[in-house]
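Per chain, numbering begins at 1; letters A, B, ... match sequence-line order. As the structure is a computational prediction, the values presented were derived from the model and not from experiment.
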Amino acid sequence: MDATTIFFYIFAAGAILSSVAVVVARIPLYSAIALILDFFFFAGLYVLLSAHFMAIIQILVYGGAIMVLFMFIIMLLNLREEHELITVRTHHAVAIILSMSLMVMMGTALNKIVDMNAVQAATVGTTEDTLVAVPSRVPGLYGALDEASLEQGFKSKVSKWSAGTAKSSDGKYRPVDPSAPTVVPTMLSGGTPEHPEPASFGTAEPMSLLLVNRFVVPFELTALMLLGAIVGAVVIAKKRL
Amino acid sequence: MITITHYLILAAITFFVGMAGVLVRRNAITVFMCIELMLNSVNLTFIAFSKYRIDLDGHVFAFFVMAVAAAEAAVGLALILHLFRHYRSVNVDSAHELRL
């Protein structure tokens, strides 16, 4: 058992326990604190998935901004302890049975995405930095991937596209034109004299380059949406609607 | 060896814990926090697929989901504040008439 496995099980147990605590806590403030804890466990899981940028954003946006808003409203309304969970009504039982059965259904379906036995068989005797593609229902899905092979796979994808030898199917990673006078910083800048090394997977650099290149329109629309949300929140929360 | 299936099943468990909370709880703020829980577990699915396909699109999508969750929290909490001023309670059963 390596460190990643141990940390995965620690974070997973913490995430499940704290999300159950969010649901069963009787005082809303305790629910909010459990939710903050839950967000931190999720951030840990994101780090295990090499999503370093998303882990930081998770803590800043969810654990910081959104939960401050929740705590502020809870304290502003000064809600007392409620006794709704003590009286088990019929629809509680129905809701719990419904969600548990859906969970079992989804779990059995997800269990078939990657064939565990194929992963075990494919990883036997391979070296550390070997990508192991296993038969799965999702095209292009790797069954087992460690940090080194993830980095290697990402860099080889980036360098292939930047050399123009292989174009991605939807053309989302444009090959860098060497004759162009100004080199637009794309994710493919690895290989040019200015950027000898491509950026690592999941760090801020490739994320920001994607956000201002391919996803620039939704990124700017997000700003408009946040403006609308701010104005809407102020208008709705006014004393006289 | 941790595979993508581990992450997907963890996301399913937390999603349905959040769903049970939405269905069971009557406190509007707790219901709202359970919705955040469900959004978060969907984000975990996006990021897990992103890693195991070596493709950053899932990270970008999770980023936009977080922006939507922030906007939704601001507007939703303003609505809850208004609900509390009107009914002196945040019980969702008190607001079943669809009028002020």
**Student:** With sequence neighbours left out, what residues match A:Ala12 under side chain to side chain contact (heavy atoms under 4.5 Å, CB included)?
**Tutor:** A:Phe8, B:Leu10
**Student:** Looking at A:Phe219, A:Phe72, A:Tyr46, which makes the most heavy-atom pairs under 4.5 Å with chain B?
**Tutor:** A:Tyr46
**Student:** Quick one: what part of A:Met54 sits under 4.5 Å from any heavy atom of chain B, side chain, backbone, both or neither?
**Tutor:** both
**Student:** So for A:Leu49, is it side chain, backbone, both, or neither that comes closer than 4.5 Å to the heavy atoms of chain B?
**Tutor:** both
**Student:** Examine B:Arg88 relative to B:Phe84 and say whether NZ or CZ is less than 6.0 Å from the centre of the six-membered ring and inside a 45° cone about the ring axis.
**Tutor:** yes
**Student:** Taking all non-hydrogen atoms of both residues into account, name the closest pair between B:Ala48 and B:Ile4 and its distance.
**Tutor:** O-CD1, 3.9 Å
**Student:** Pick one of side chain, backbone, both or neither for B:Tyr7, based on which atoms fall under 4.5 Å of a heavy atom in chain A.
**Tutor:** both
**Student:** Side chain, backbone, both or neither: which part of A:Phe53 has a non-hydrogen atom closer than 4.5 Å to chain B?
**Tutor:** side chain
**Student:** Counting heavy-atom pairs closer than 4.5 Å to chain B, which one of A:Ala109, A:Gly107, A:Ala51, A:Gly232 comes out on top?
**Tutor:** A:Ala51
**Student:** Less than 6.0 Å separating the ring centroids of A:Phe42 and A:Phe11?
**Tutor:** no
**Student:** Pick one of side chain, backbone, both or neither for A:Tyr62, based on which atoms fall under 4.5 Å of a heavy atom in chain B.
**Tutor:** side chain
**Student:** Looking at B:Phe61, B:Phe64, B:Phe63, B:Tyr52, which hits ring pair (Phe, Tyr, Trp, His ring centres under 6.0 Å) with B:Phe46?
**Tutor:** B:Phe61
**Student:** Counting heavy-atom pairs closer than 4.5 Å to chain A, which one of B:Leu81, B:Val75, B:Leu44, B:Val90 comes out on top?
**Tutor:** B:Leu44
**Student:** Given the options B:Gly58, B:Ala69, B:Ala11, which has more heavy-atom pairs under 4.5 Å with chain A than any of the others?
**Tutor:** B:Ala69
**Student:** Kindly compute the distance separating CG (B:Leu77) from CD1 (A:Ile73), expressed to the nearest 0.5 Å.
**Tutor:** 5.0 Å
**Student:** If I take atom OG1 from residue B:Thr30 and atom CZ from residue B:Arg26, how far apart are they, to the nearest 0.5 angstrom?
**Tutor:** 11.0 Å
**Student:** Return yes if some donor-acceptor pair links the side-chain N/O of B:Thr45 with the main-chain N/O of B:Ser41 below 3.5 Å, else return no.
**Tutor:** yes
**Student:** Identify which part of A:Ile66 has an atom lying under 4.5 Å from any heavy atom of chain B, answering side chain, backbone, both or neither.
**Tutor:** side chain
**Student:** Given the rule in the side-chain contact (heavy atoms from CB on, under 4.5 Å) test, do A:Phe201 and B:Ser50 qualify, once you have shown the distances and angles that lead to the verdict?
**Tutor:** CA-CA 10 Å; A:Phe201 181 84; B:Ser50 193; 4.2 Å; yes
**Student:** So which part of A:Ala32 gets closer than 4.5 Å to some heavy atom of chain B, the side chain, the backbone, both or neither?
**Tutor:** both
**Student:** Is it the side chain or the backbone of A:Ala65 that comes within 4.5 Å of chain B heavy atoms, both, or neither?
**Tutor:** neither
**Student:** If you tally heavy-atom pairs under 4.5 Å against chain A, which of B:Asn40, B:Val22, B:Leu79 wins?
**Tutor:** B:Asn40
**Student:** Can you tell which part of A:Thr222 gets under 4.5 Å to a heavy atom of chain B, answering side chain, backbone, both or neither?
**Tutor:** side chain
**Student:** Which residues pass the side chain to side chain contact (heavy atoms under 4.5 Å, CB included) test with A:Met103, not counting sequence neighbours?
**Tutor:** A:Met100, B:Ile13, B:Phe16
**Student:** Kindly compute the distance separating OG (A:Ser31) from CD1 (A:Ile74), expressed to the nearest 0.5 Å.
**Tutor:** 7.5 Å
**Student:** Heavy atoms only: give me the nearest B:Cys34-A:Val23 pair and the separation to one decimal.
**Tutor:** SG-CG2, 4.0 Å
**Student:** Please classify the contact between A:Leu48 and chain B as side chain, backbone, both or neither, with a heavy-atom cut-off of under 4.5 Å.
**Tutor:** both
**Student:** In terms of heavy-atom pairs under 4.5 Å with chain A, which of B:Ile9, B:Ile47, B:Val31 leads?
**Tutor:** B:Ile47
**Student:** Between chain B and each of A:Ile96, A:Val61, A:Val94, A:Ile57, count heavy-atom pairs under 4.5 Å; write down the option with the most.
**Tutor:** A:Ile57
**Student:** Let me know if A:Phe215 has heavy atoms under 4.5 Å from chain B in its side chain, its backbone, both or neither.
**Tutor:** both
**Student:** Please flag which part of A:Leu102 lies under 4.5 Å from any non-hydrogen atom of chain B: side chain, backbone, both or neither.
**Tutor:** both
